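This structure is a prediction, so every number in the text was calculated from the model and none was measured. This chain uses plain numbering: 1 for the first residue, then up along the sequence.
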Amino acid sequence: MAYKGPDDVAVAAVAAGAKKAALPLPKMLVGGFLAGAYIAFAGLIAVDTTAGLDPAIWGGIITLLNGAVFTLGLVLVMVAGAELVTGNMALVPMAVLQGRASVGQLLGNIGVLLVANLLGALFVAYVLAVATGVIGGPDAAEGTTAAANHERLAGLATSKAVGEAHHEVFLRAVGCNWLVCLAVWMSLAAEDVAGKVLAIFFPITAFVALGFDHVVANMFFLPAAWFAGVPGFGWGDILLNWLFALLGNVLGGGLFVGLAYWFLHLRGREREAPQAGA
């Protein structure tokens with residue numbers, strides 16, 4: 001059979017969560033840096049492929065295309081291998097609930113990966129997006145790709161930084177990580193790379209097309225816009241966006257995927273003793 005059933009996926013999710021919780025700090029940092037960079041690559045290609053498209057002509061196709069290319073990020077995380085904090089918000093809590101990891105490991109994993117994901121996203125935002133000229137500054141020559149990318153990024157980042165109320169960011173982040181963690185969950189069901197890519201494609205396309213908020217994606221979009229000289233918001237706005245996106249992502253992934261699927265498929269099974277050092 002080319003895929004796992006839900007009960008088997010739940011067992012695989014607990015095993016994955018336990019493994020992630022037990023990672024040594026250096027591997028957590030490197031894997032987290034890579035995941036932040038992969039999500040930032042996805043954000044950069046999403047900006048580049050939709051820059052210059054006239055909404056009056058293209059309409060919702062723009063957001064659909066944005067979402068479709070953004071799937072690159074989670075494909076790289078799940079297939080190449082990396083440590084993305086938002087996916088771990090479902091997997092590691094399942095390991096805790098099943099006795100395979102401790103609350104301390106959960107908190108440590110989330111904390112370390114937030115920092116590592118941020119470093120990876122900032123690296124791509126500054127070094128590979130702005131310093132390379134892929135995204136131009138305010139004075140980029142009109143009609144160039146760099147200028148179009150600047151305009152597109154400015155619209156995306158401004159809407160996230162100051163266009164959404166805090167409660168809207170929080171609620172959008174709940175929906176976002178519900179879908180992201182469903183993509184992770186379904187990719188665990190697939191036994192081949194093609195199946196994993198397909199499982200990831202639709203939920204990720206949906207969350208981006210709907211304008212939901214992913215804390216690691218916003219670690220790319222907002223700093224990249226600030227580095228590129230987009231006016232109208234500052235680091236206070238950026239940090240508040242990250243805070244409410246983080247809180248919503250924790251609830252969306254932890255409650256609606258981690259806890260819900262643990263309850264459906266694992267509640268009542270014998271819990272295991274935490275591993276040594278947990």
Side-chain angles (χ1 to χ4, degrees), residues 2-4 8-46 68-96 100-101 105-106 108-125 127-128 176-177 179-205 207-208 214-217 219-220 249 253-254 257-258 261 275 277:
Y3 66 95
K4 301 181 184 73
D8 292 330
V9 175
V11 172
V14 168
K19 182 177 179 181
K20 290 174 180 297
L23 278 176
L25 179 61
K27 290 191 176 184
M28 214 179 288
L29 288 170
V30 173
F33 179 91
L34 292 177
Y38 295 162
I39 298 300
F41 278 133
L44 183 56
I45 190 65
V69 298
F70 192 84
T71 60
L72 169 69
L74 194 60
V75 168
L76 290 174
V77 169
M78 296 302 296
V79 178
E83 295 298 316
L84 182 62
V85 67
T86 46
N88 286 19
M89 289 172 184
L91 300 179
V92 181
M94 290 186 74
V96 173
R100 295 281 301 277
Q105 284 181 307
L106 168 63
N109 184 269
I110 298 299
V112 170
L113 290 188
L114 277 172
V115 174
N117 287 174
L118 174 61
L119 292 175
L122 290 176
F123 177 82
V124 173
V127 177
L128 300 180
C176 166
N177 212 32
L179 288 166
V180 169
C181 289
L182 280 174
V184 171
W185 177 270
M186 292 192 298
S187 75
L188 291 174
E191 300 287 359
D192 58 21
V193 171
K196 289 183 182 294
V197 172
L198 189 60
I200 289 167
F201 182 84
F202 290 101
I204 301 304
T205 299
F207 107 68
V208 177
H214 187 272
V215 66
V216 181
M219 288 175 178
F220 165 74
N249 285 169
V257 178
Y261 282 105
Q275 297 175 350

Original post:
Do Leu84 and Tyr38 touch side chain to side chain, with heavy atoms closer than 4.5 Å?
Top reply: no
Original post:
Does Leu188 reach the side chain of Leu91, with side-chain heavy atoms less than 4.5 Å apart?
Top reply: yes
Subject >> Gln105 versus Ala21, closest heavy-atom pair with distance >> reply: NE2-O, 3.5 Å
Original post:
Which atom pair, heavy atoms only, marks the closest approach of Gly73 to Ala42?
Top reply: N-CB, 3.4 Å
**OP:** Could you grab the distance from atom CG of Leu76 to atom OG1 of Thr71, nearest 0.5 Å is fine?
**Re:** 9.5 Å
**OP:** Write down the atom of Met78, the atom of Val184, and the distance for their closest heavy-atom approach.
**Re:** CE-CG1, 4.0 Å
**OP:** Identify the residue among Val75, Leu74, Leu72 that makes a side chain to side chain contact (heavy atoms under 4.5 Å, CB included) with Val197.
**Re:** Val75
Subject >> Student check: side-chain heavy atoms of Ile110 and Val85 closer than 4.5 Å >> reply: yes
Original post:
Checking Asn109 side chain against Lys20 main chain: does a donor-acceptor pair fall under 3.5 Å?
Top reply: yes
Subject >> Ile200 CD1 to Leu182 CG distance, which is reported to the nearest 0.5 Å >> reply: 12.5 Å
Subject >> Rounded distance [0.5 Å steps], CG in Leu128 versus CZ in Phe220 >> reply: 9.5 Å
Subject >> Any Ile39 side-chain heavy atom under 4.5 Å of Met219 side chain >> reply: no
Subject >> Closest approach of Cys181 to Val257 (non-hydrogen atoms, all atoms of both residues) >> reply: CB-CG2, 3.7 Å
**OP:** Report yes or no: does Asn177 contribute a side-chain atom to a donor-acceptor pair with the main-chain N or O of Thr86 at less than 3.5 Å?
**Re:** yes
Original post:
If you measure from NE2 on His214 to CD1 on Ile204, what distance do you get to the nearest 0.5 Å?
Top reply: 7.0 Å
Original post:
Is a donor on one side and an acceptor on the other found under 3.5 Å between the side chain of Asn117 and the backbone of Val216?
Top reply: no
Original post:
Parallel, tilted or perpendicular: which describes the rings of Phe207 and Phe70, with under 30° parallel and over 60° perpendicular?
Top reply: perpendicular
**OP:** Identify the two heavy atoms, one from Ala199 and one from Met186, that lie closest to each other, and give their separation to 0.1 Å.
**Re:** O-CE, 3.5 Å
Subject >> Test item: Asn88 and Glu83 side chains (from C-beta on) under 4.5 Å apart, heavy atoms >> reply: yes
Original post:
Which heavy atom in Val215 sits nearest to a heavy atom in Asn249, and how many Å separate them?
Top reply: N-OD1, 2.9 Å
